[in-house]
Structures are given as C-alpha cells and as structure tokens.
Amino acid sequence: HPDRSAQPLLVIGWDGATPELVEAWMEDGSLPHLAALRARGCYAPLRSVLPPLSPAAWTTSITGLNPGRHGIWDFGHLVPGTYRVEPTDARQRQGASLWEIAEAAGLSTAVLNVPMSHPSGELMRSAFVPGLGAAKLEGATWPRALAAQLMAEIPDYQIDCNSFEHADPADFLEQLMAMTRARGKAVQLLLETRQPDLLMAVFTATDRVQHAFWRQSSLPWTDGARLGWRFSSAIKDVYVLLDEILGRLVQQAGEQATV
C-alpha cells in the first residue's frame, strides 16, 4: 500500500501446532513455506501459560498479560457470589488487545478467528471476524456488514468444526478441510480489500484434527507402524494444507511484510 507509513505485519496462528511435528515435517520437505520463514527469520518453541488452555493462552498472546492479570482462565467462569457457571468471552478480559493498541496508534487492523476475542468493540479503522466463543457471524463482525460480504463471497465459511458434532469421522475430516480452505480465502479477502497494517488470523484445524485423530495418525515417532490405517495421514494432511495457505498469504502480503 503506497500510502502506508508502517510496514504490514501478519500474525498467523496454528492452534495447538506441535513443535515435534512441524520440525520433522519441515525437515522432510512437507512444510516448505514454514521452513522458508524459519530459514530467513527466527524460530523457537513457544512456552504456553498455566493453565495451558486455549482461552488463557490466546488471551495472553494478544494482551501480553498472564491469566492472573487478564482474567481469562477457562471456557467458563463462576458468576461472582454464586456457583453458577457462564461461558467466558472477551467481556471478561482485562487489558488491551494487540489490535486495540494498533487502533489507538492510528493503524488499521484485520482480525479473524482469534479465540475468545468476541465480542469486539467498535473499531474505526479495522475489520473483525469472530472465532471460538461466537455462535454465528451475523451481528458479531465489525463492521456488521462484513458478515454478509463473507457469506456472499465464501458461502462455506464457518466459525468452527468439531469431531463431536459428526457421527462419521470421515465426514468430520472433510468438513474440517473445507473450513480451513474457506478460512484461508477469508484471510486473503481481508488482505486484498482492507490492506491492513496489522492482520491476525488463527487457524484451529491443527487443534481439532489432533483431538480427533492423534491415536490413528502416522507420526514421526511411530516408525511407520500406522501407515495404511484409514486416518493415518489426517493430521499431516491438515498441516500440509495450512502450509499451502501460509505460502499464498506470504506471497500476497509482499516482500515488505513481516510474518
């Protein structure tokens, strides 16, 4: 973007991605785009928080605060003075998010599918698409009309996909791959139409596929013992798809972007 004073920054999250997997698959050539980022940038295992749960960890990643300071611990929380448990969302969060800080500095942002980031406040220069914690897009995006635009251009877009919602594991895997492809298209759409200074997008398929198929998949340390099993390649297939999407995003963002 020729009028931008700041170089664009892309933050791409793979929920629950496992170092032992990405390192082995980068070495064997299965994840070439991630390997290229590692080769020209920085790489290190990421230490999680206590408790190592998605609500706490992702909120720490966007605020820089530990759970004791940002107040998000789990998917649910006790209502003060009662024993009633209610779902947790961004209204329980203390501390500003990365995109709120960028907004205050006069930068534009695009945020897509970050867990526990819903509901968002009104953003003057930014786009917001909810992730884990939102039931639907309608009334949850910012601007509000973005929901209709997404569904018009990417009809198969969905917020989440879980194995317990499907009786057939093959159907779940097919839906998960479709969700991931649609998510990639949505990120590309926001990059093209919004040209943000900061874009943050989270892909949850790594977490979902590992929960469902960890004991059925052929992994680097299983020494081929599971090759030929029905879902032996399920986890790797998701990582390979995400690497392909990553390559497209890096190319679209341009050489000036930091990823």
Side-chain angles (χ1 to χ4, degrees), residues 1 8 10-15 54-55 58 62 75 87-91 97-100 102-103 108-168 170-209 212 237-238 241-242 244-253:
H1 193 290
L10 273 65
V11 181
I12 308 298
W14 293 1
D15 188 29
S54 290
W58 281 111
I62 65 172
F75 295 96
T88 298
D89 60 32
R91 286 171 290 193
S97 66
L98 179 60
W99 53 90
E100 290 169 339
E103 269 260 331
S108 63
T109 71
V111 180
L112 189 141
N113 202 53
V114 178
M116 312 308 289
S117 59
H118 168 76
S120 78
E122 296 185 7
L123 303 169
M124 299 300 294
R125 289 171 291 275
S126 302
F128 176 86
V129 180
L132 176 66
K136 59 182 181 178
L137 289 179
E138 293 80 4
T141 62
W142 189 264
R144 296 296 184 230
L146 182 56
Q149 181 187 2
L150 273 178
M151 296 311 298
E153 301 204 28
I154 312 171
D156 54 347
Y157 187 88
Q158 54 183 316
I159 295 175
D160 210 345
C161 177
N162 290 283
S163 58
F164 56 77
E165 299 169 330
H166 297 78
D168 182 355
D171 177 63
F172 160 68
L173 187 58
E174 180 181 346
Q175 291 296 317
L176 185 70
M177 299 292 273
M179 179 190 76
T180 304
R181 294 187 190 97
R183 184 99 68 235
K185 293 177 184 177
V187 180
Q188 289 187 275
L189 177 67
L190 292 180
L191 272 177
E192 178 183 352
T193 59
R194 297 285 172 169
Q195 298 184 344
D197 298 301
L198 163 69
L199 181 141
M200 182 171 183
V202 176
F203 293 83
T204 54
T206 32
D207 173 87
R208 306 301 185 264
V209 75
D237 288 346
V238 167
L241 174 59
L242 286 173
E244 294 171 357
I245 293 171
L246 176 64
R248 292 196 291 270
L249 295 177
V250 170
Q251 182 179 27
Q252 183 177 347

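Please read all numbers here as calculations on a predicted model, not as lab measurements.
Minimum interatomic distance between Leu189 and Glu153 (heavy atoms only, all atoms of both residues): CD1-OE1, 3.4 Å. A pairwise comparison of heavy atoms in Ala178 and Asp156 identifies O-OD2, 4.3 Å as the closest pair. In terms of heavy-atom proximity, Pro115 sits nearest to Trp58 at CG-CD1, 3.5 Å. For the pair His166 and Gln175, the tightest heavy-atom approach, listed with the atom from each and the gap, is NE2-CG, 3.7 Å. The minimum heavy-atom distance between Val238 and Leu176, with the atom names listed, is CG2-CD2, 4.2 Å.
When the shell of 6.0 Å around CD of Gln158 is examined, it contains more than 12 heavy atoms from other residues, nucleotides or ligands. Shown here is Glu122, whose CD atom has no more than 12 heavy atoms of other residues, nucleotides or ligands within 6.0 Å.
The only option from Ile62, Val129, Leu98 that meets the side-chain contact (heavy atoms from CB on, under 4.5 Å) definition with Val114 turns out to be Ile62. When Asp15, Leu242, Leu112 are each tested for a side-chain contact (heavy atoms from CB on, under 4.5 Å) with Phe203, only one passes: Leu242.
A donor-acceptor pair is defined here as one N or O able to donate and one able to accept, closer than 3.5 Å; no such pair exists between the side chain of Gln188 and the backbone of Arg248. No donor-acceptor pair under 3.5 Å is formed between the side chain of Asn162 and the backbone N or O of Phe164. Under a 3.5 Å cut-off, the side chain of Arg125 and the backbone N or O of Glu103 do form a donor-acceptor pair. Although no hydrogens or angles enter the test, the distance criterion places no donor-acceptor pair under 3.5 Å between the side chain of Asn113 and the main chain of Ala201.
In summary, Asp160 and Arg208 engage in a salt bridge, as defined by a charged side-chain N under 4.0 Å from a carboxylate O.
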Practice item. Go through the steps to decide whether Lys185 and Tyr157 satisfy the test side chain to side chain contact (heavy atoms under 4.5 Å, CB included), and finish with yes or no. Key: CA-CA 9 Å; Lys185 293 177 184 177; Tyr157 187 88; over 6 Å; no

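One finds the CG atom of Asp197 at 8.5 Å from the OG atom of Ser126 (value rounded to the nearest 0.5 Å).
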